[in-house]
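Contents: one structure, followed by commentary.
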Number of protein chains: 2
Amino acid sequence: MPDKPTTIKEIAKMLKISVSTVSRALNDHSSIGLTTKMRVKKLAAELNYEPNQRAIQFLHGKSFVIGVILPELSESFFSTAISGIEDIAYKRNYTVLLAQSHDDAEREKLLVAKMKSQGVDGLLVSVAKTTSTYEHFELFRKLNIPIVFFDRIPPIKDIHYVSSNLETGTFEAVNFLLKKGHRTIGMINGPGTLVASHERKEGYIRAMTANRLKFDPSLIVTCDLSEDDTIKAMDALLNHRRKPSTVVTFNDYVALFAMRYVKSIGLTDIDFVSYANLPIINYMDHTPIASVEQFPYKQGKKAADILIDLINKPKNESGSEQAYFNIVVESELVLSKRK
Amino acid sequence: MPDKPTTIKEIAKMLKISVSTVSRALNDHSSIGLTTKMRVKKLAAELNYEPNQRAIQFLHGKSFVIGVILPELSESFFSTAISGIEDIAYKRNYTVLLAQSHDDAEREKLLVAKMKSQGVDGLLVSVAKTTSTYEHFELFRKLNIPIVFFDRIPPIKDIHYVSSNLETGTFEAVNFLLKKGHRTIGMINGPGTLVASHERKEGYIRAMTANRLKFDPSLIVTCDLSEDDTIKAMDALLNHRRKPSTVVTFNDYVALFAMRYVKSIGLTDIDFVSYANLPIINYMDHTPIASVEQFPYKQGKKAADILIDLINKPKNESGSEQAYFNIVVESELVLSKRK
DNA sequence: TAATTTCGCGCAAACGTTTGCACATCTTTT
DNA sequence: AAAAGATGTGCAAACGTTTGCGCGAAATTA
């Protein structure tokens, strides 16, 4: 028996009252008598009535769906972030439409269009590495559908975003190394084009000056995050006139490449500090002694919360200027559990 | 200008024709004159008309949404599988509603209920480790909403599922090791309760007998997949009267634990073969020489395809018996790229 | 008791789209 | 010349729910 789901009409007919009364009774409307309410609710429960979400969404012109576009779920940062997004969405009765851009700008565009035609109420985006144009996002702005960016923020004005500030975590990291007695601290940074690289550098500098040490720019080298380039960078540090006793690397992968290289040439006395705190470090033979944590779960939660707030915001009050959420989740140093 | 999206009505009014004509014109209905079709399509394009999906879904009583419930996105198997699911869903114009059970049976139940109230057209499920009752799935059967299970299949009858057969991959693996000259092959298997453990064992046995070698059951030890237990298992093998020269481990993590242990006690001459082929092995200092690949992307695709077929299957022909899809994706041995 | 308020409920419209049916016009066949 | 078919279009119902408005009856006030 593929019995069609119960509708409000049927309940109305059985109780010989109107559909509107049933609807109001179920929604605890004040203008319905207590007795009718009870009767309706009882019958509804017996019949396993569940409101037809599609009818409601259609009526309200809302989908209660938020679209999420991110580069790669296999990257631990994102798979953790999505958990935060999910949790908030479910708590607030929204539903998550997920899609991966696989770091392909074209696909990202396609997905944005798809999300639009699907009629999402809002969008959560972490942009693809290759994305360089941003009109597909502007389209949403025209339609008044909110977008909140997270982690990978596009360089455009007047957007909502949530991201982490690596400056603080880096400050803590360098501070920690100084307290541990290190005096020559190298850094393998990422490409200068990334905000994240800047923040790391700033944190480094602030920690040095806070400790009344002079900052040597040549101790910070950049790399493109590939293994080859990491090795070059590490080489540069090892051949520095002041050979560093410890190195802060851009992320866990860079750390890994660098550590492997260092070990391959027989060195063992260099401490590493890294970012992200990926699960892989639990399986590595040599691990960083500390990591700067970016709290992806928290970032995901925060971004979803803002987006849903935005969606439900009392209409565009034409008087007040639009305010943009720029939330920064501070990063934090975490000591490695393994030794 | 938050201009409300264009509707078919507006187009009709502007062209002074009826809405039904517009609708049919846009859908290339045969009974509409060529000229009207052109006029309609042209105007629709100019106005950036996009059909209101919610209205259509409501009308058809379909959501074009498939729910996906899986244990953990941070497990690479699942994050890869979801890519396959996504790709098929998008290709076939469906949309993916994602949720993680985090291997919690209670949460899984909740999610199933949520999916139902959201009105998904079908469900893709990989069950949580702790799930032991299955009524929440039966509910969907009553409503005639198809479910396809993948990878983690519940032990109930009359279900659709897609899973991998580790027997073949294991056969290949053992065969490969024998060809390589190994004669004593150990195996660290998983808990006997898992089908997957059985399949591994069967593959092992078949390879031995196919090579006219006698099978020594004591060379297969089980473990609960924890590091401690893995070490115990490895110890047992090392102390075996016929010390194995190579070991097949249940998965990459077990391989990792075992390799680390073996190395820590100064051994270096044991080859490992593992399953899953996770990205982490690219970052390990010592890696298995080969891995049994389970093709999660392919599994995800296949499962999604079957589900959507099921959704669109011409009504439950009351005559013919319901057929259940039991698709098995054969596993395959993959040699390690790094040496 | 009459006037007014409160309470409880029903009517009907609305959301955007598809589709069975009927109707009108034009073309073809007998 | 009349009947039949083809072609193109419009009418209206339907999907399930919410909600503004109106109306009668009961309760309150003057």
Side-chain angles (χ1 to χ4, degrees), chain A residues 2-41 43-44 47-65 93 116-121 143 312, chain B residues 2-41 43-44 47-65 93 116-121 143 312:
Chain A
D3 35 10
K4 290 277 153 250
T6 319
T7 74
I8 231 176
K9 276 188 186 173
E10 296 165 0
I11 299 186
K13 193 171 293 175
M14 297 175 87
L15 258 36
K16 294 190 201 304
I17 55 180
S18 76
V19 285
S20 40
T21 304
V22 175
S23 170
R24 279 186 257 254
L26 290 173
N27 293 319
D28 268 325
H29 196 282
S30 62
S31 77
I32 298 295
L34 200 65
T35 44
T36 6
K37 264 187 199 172
M38 304 263 284
R39 290 204 313 145
V40 170
K41 287 188 178 176
L43 184 58
L47 297 178
N48 285 319
Y49 169 75
E50 292 200 21
N52 181 326
Q53 296 298 331
R54 280 182 294 285
I56 296 176
Q57 293 169 10
F58 167 57
L59 184 66
H60 287 96
K62 281 194 53 174
S63 63
F64 290 92
V65 171
N93 249 296
K116 171 169 152 283
S117 83
Q118 273 293 331
V120 298
D121 289 341
L143 293 172
N312 297 319
Chain B
D3 37 7
K4 290 277 152 252
T6 319
T7 72
I8 230 175
K9 276 188 187 174
E10 297 164 0
I11 299 187
K13 194 172 293 175
M14 298 175 86
L15 257 37
K16 294 192 202 304
I17 55 179
S18 76
V19 283
S20 40
T21 304
V22 176
S23 169
R24 279 186 259 254
L26 291 173
N27 292 318
D28 266 328
H29 197 282
S30 63
S31 75
I32 299 293
L34 201 63
T35 45
T36 0
K37 266 188 197 171
M38 305 264 284
R39 290 206 311 144
V40 170
K41 287 188 177 177
L43 183 58
L47 296 177
N48 286 318
Y49 168 76
E50 291 201 20
N52 181 326
Q53 296 298 331
R54 280 183 294 284
I56 296 175
Q57 292 169 10
F58 166 57
L59 184 66
H60 287 99
K62 281 196 53 174
S63 61
F64 290 92
V65 171
N93 250 296
K116 170 167 153 284
S117 83
Q118 275 291 333
V120 297
D121 289 340
L143 294 173
N312 295 319

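To find a chain, count down the sequence lines: A is the first, B the second, and so on, and within it residues start at 1. What you see is a predicted model, and the numbers here were worked out from it, not measured in a lab.
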Next item on the list: Step through the shown structure and confirm whether more than 12 heavy atoms of other residues, nucleotides or ligands are within 6.0 Å of NZ on B:Lys62.
Entry: yes
Nearest-Å distance for atom pair [atom1]/[atom2], residues [X] and [N]:
X	N	atom1	atom2	value
A:Lys16	C:dG10	NZ	P	12 Å
A:Ile56	D:dT18	CD1	P	5 Å
A:Asn52	D:dA14	CG	C1'	14 Å
A:Ile17	D:dT18	CD1	P	14 Å
B:Ile8	C:dT19	CD1	P	11 Å
B:Phe58	D:dC15	CZ	C1'	4 Å
B:Lys9	C:dA13	NZ	C1'	10 Å
A:Lys62	D:dT18	NZ	P	14 Å

Please write out each protein N/O paired with an N/O of nucleotides 23-26 of chain C under 3.5 Å, distance rounded to 0.1 Å.
none

Note: B:Gln118 and A:Gln57 closest approach over all heavy atoms is OE1-NE2, 4.0 Å
Where B:Gly119 and B:Ser63 come nearest, the two heavy atoms and their spacing:
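Scanning both residues completely, I find the closest heavy atoms to be O-OG, 2.8 Å.
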Presence of [X] side-chain N/O under 4.0 Å of [N] phosphate oxygens OP1/OP2:
X	N	value
B:Ser23	C:dT18	yes
A:Tyr49	D:dG16	no
B:Ser18	D:dG10	yes

With the side chain of A:Thr21 defined as its heavy atoms from C-beta on, choose the nearest nucleotide among D:dT17, C:dG10, D:dA12.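 Among D:dT17, C:dG10, D:dA12, the one nearest the side chain of A:Thr21 is C:dG10.
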request  = Measure from the side-chain N and O atoms of A:Arg24 to the backbone N and O of A:Ile32, and report whether any donor-acceptor pair falls under 3.5 Å.
outcome  =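 The answer is no, because no donor-acceptor pair under 3.5 Å joins these two groups.
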Is a side-chain donor or acceptor of A:Lys41 paired with a backbone partner of A:Asp28 at a separation under 3.5 angstrom? no
Please tell me if the side chains of [X] and [Y] come closer than 4.5 Å, counting only heavy atoms from C-beta onward.
X	Y	value
A:Leu47	A:Glu10	no
B:Asn52	B:Thr7	no
B:Leu143	B:Lys116	yes

Neighbours of DNA chain C within residues 25-38 of chain A, by heavy-atom distance under 4.0 Å: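 Residues of residues 25-38 of chain A under 4.0 Å from DNA chain C: A:Ser31, A:Ile32, A:Gly33, A:Thr36.
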So, under a plain 3.5 Å distance rule, would you say the side chain of B:Thr7 forms a donor-acceptor pair with the base of C:dC15?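 Donor-acceptor pair under 3.5 Å: no.
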inquiry  = Using a distance-only criterion (donor-acceptor N/O pair, under 3.5 Å, no hydrogens), is the base of C:dG8 paired with the side chain of A:Arg24?
reply    = no
